[in-house]
S.K.: 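Pasting a structure below so you can have a look.
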There are 2 protein chains.
Amino acid sequence: MATLGGLERSVMSLLWDGGESLSANDVRDRLGEDLAVTTVLTVLSRLERKDMVRRERSTRPHRYTAVASREEHTVEMLNEVLGTAGDREAVLARFIGGIPDSEAAALRRLLQK
Amino acid sequence: MATLGGLERSVMSLLWDGGESLSANDVRDRLGEDLAVTTVLTVLSRLERKDMVRRERSTRPHRYTAVASREEHTVEMLNEVLGTAGDREAVLARFIGGIPDSEAAALRRLLQK
DNA sequence: CACCATTACTACAGCGTGTAGAAATCGACG
DNA sequence: CGTCGATTTCTACACGCTGTAGTAATGGTG
């Protein structure tokens, strides 16, 4: 269900890559785009509502962190997509048919264990 | 790119499951929801614009077919999601860590060959 | 308590989707 | 060939989501 808009996605990227918690001002500064802080705050609130972001309210500039890592989130998306799949195995078969050999090898390794 | 709304998705489901081409009236009849044909036509046109549906214009009730099978489409979605992943292999690792054993086995088989 | 930084609330435009009426079109039948 | 009914196109509008920000409230610090 978590369809993000462009700005929302940019903000999530910062939180994911930055590693740690950021204030609204931090976020605004790191986005190159010269936005009002209120804009960033709005976006952060919406991301909080979508459970993508957790907010530390006890500090004065509130600090925001991503609820899940980028990889965790991506896996969630994958599962969401697969949930609509009908025949999961058919999809996976087709999927691995199209991935580069290096990744196929990596998968084989991961599955062997 | 292909984010579908609820009705759009229902229509695609019909086209996918029905197997063959349907007219707008066919679609309207199969949706339980008592919609105007024009509504269905609008949705079909939008799906055509999104390249989800092909339309046979030469017959009088135009006939509509899904451009890709449900599985093909799902694979496209998967790749789209993976495209935003950052570290694809990390995501895949996490992903296969969470799938049921039966599917893991199936994957192993598929990768072996 | 007053002031500045921060946050909350409110607003609005633009776009996608669901929904459908009115107008145009097309083929068949007389 | 003209008419009529079915089909398609065009136009419209409401609603929700996103980007964007102003204004009002709030909270700590001197």
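Chain identifiers are assigned alphabetically (A, B, ...) following the order of the sequence lines, protein sequences preceding nucleic acid strands; residue numbering begins at 1 within each chain.
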S.K.: Show me the protein contacts with nucleotides 14-18 of chain C, counting only N or O atoms at under 3.5 Å.
M.R.:
{"residue": "C/dT17", "atom": "OP1", "partner": "B/T3", "partner atom": "O", "Å": "2.7"}
{"residue": "C/dT17", "atom": "OP1", "partner": "B/K50", "partner atom": "NZ", "Å": "3.1"}
{"residue": "C/dT17", "atom": "OP2", "partner": "B/K50", "partner atom": "NZ", "Å": "2.9"}
{"residue": "C/dG18", "atom": "OP1", "partner": "B/G6", "partner atom": "N", "Å": "2.6"}
{"residue": "C/dG18", "atom": "OP1", "partner": "B/L7", "partner atom": "N", "Å": "2.5"}
{"residue": "C/dG18", "atom": "N7", "partner": "B/R46", "partner atom": "NH1", "Å": "2.7"}
{"residue": "C/dG18", "atom": "O6", "partner": "B/R46", "partner atom": "NH2", "Å": "3.2"}

S.K.: For B/R88, which residues count as a salt bridge (charged side-chain N to carboxylate O under 4.0 Å, His left out) partner, sequence neighbours excluded?
M.R.: A/E103

S.K.: Please identify each residue that fulfils side chain to side chain contact (heavy atoms under 4.5 Å, CB included) with B/R57, with sequence neighbours left out.
M.R.: B/E48, B/R55, B/H62

S.K.: Using a 4.0 Å heavy-atom cut-off, write out nucleotides 24-30 of chain D from 5' to 3' as B (base contacted by protein), S (sugar-phosphate only) or - (no contact).
M.R.: --BS---

S.K.: Can you measure A/R28 atom CZ to C/dT7 atom P for me and round it to whole angstrom units?
M.R.: 12 Å

S.K.: Nearest-Å distance, CZ (A/R49) to P (C/dC9)?
M.R.: 12 Å

S.K.: Between atom CG in B/L41 and atom P in C/dA24, what is the gap in whole Å?
M.R.: 18 Å

S.K.: Keeping to residues at least two apart or across chains, list the ring-ring contact (aromatic ring centres under 6.0 Å, His included) pairs with something in residues 18-55 of chain A.
M.R.: none

S.K.: Can you list everything that forms a ring-ring contact (aromatic ring centres under 6.0 Å, His included) with A/H73? Sequence neighbours excluded, please.
M.R.: A/W16

S.K.: Name all pairs fulfilling the salt bridge (Lys or Arg N to Asp or Glu O under 4.0 Å) condition that reach into residues 18-35 of chain A, sequence neighbours left out, sorted by first residue then second.
M.R.: A/D26-A/R63

S.K.: Does a side-chain N or O from A/R57 land closer than 4.0 Å to OP1 or OP2 of C/dA8, or not?
M.R.: yes

S.K.: Do A/L47 and A/M77 share a hydrophobic cluster (ILVMFWY, side-chain heavy atoms under 4.5 Å, transitive)?
M.R.: no

S.K.: Would you mind reading off the distance between B/L44 atom CG and D/dT9 atom P, rounded to a whole angstrom?
M.R.: 11 Å

S.K.: Rounded to whole Å, please give me the gap between CD in A/E33 and P in D/dA21.
M.R.: 10 Å

S.K.: With sequence neighbours left out, what residues match A/A93 under side chain to side chain contact (heavy atoms under 4.5 Å, CB included)?
M.R.: B/L110

S.K.: Check the distance between D/dT8's C1' and B/L47's CG and give it to me in whole angstrom.
M.R.: 16 Å

S.K.: List for me each residue that meets salt bridge (charged side-chain N to carboxylate O under 4.0 Å, His left out) alongside A/R46, sequence neighbours excluded, and say none if there are none.
M.R.: none

S.K.: Using a cut-off of strictly less than 4.0 Å, decide whether A/N25 has a side-chain nitrogen or oxygen near OP1 or OP2 of C/dT6.
M.R.: yes

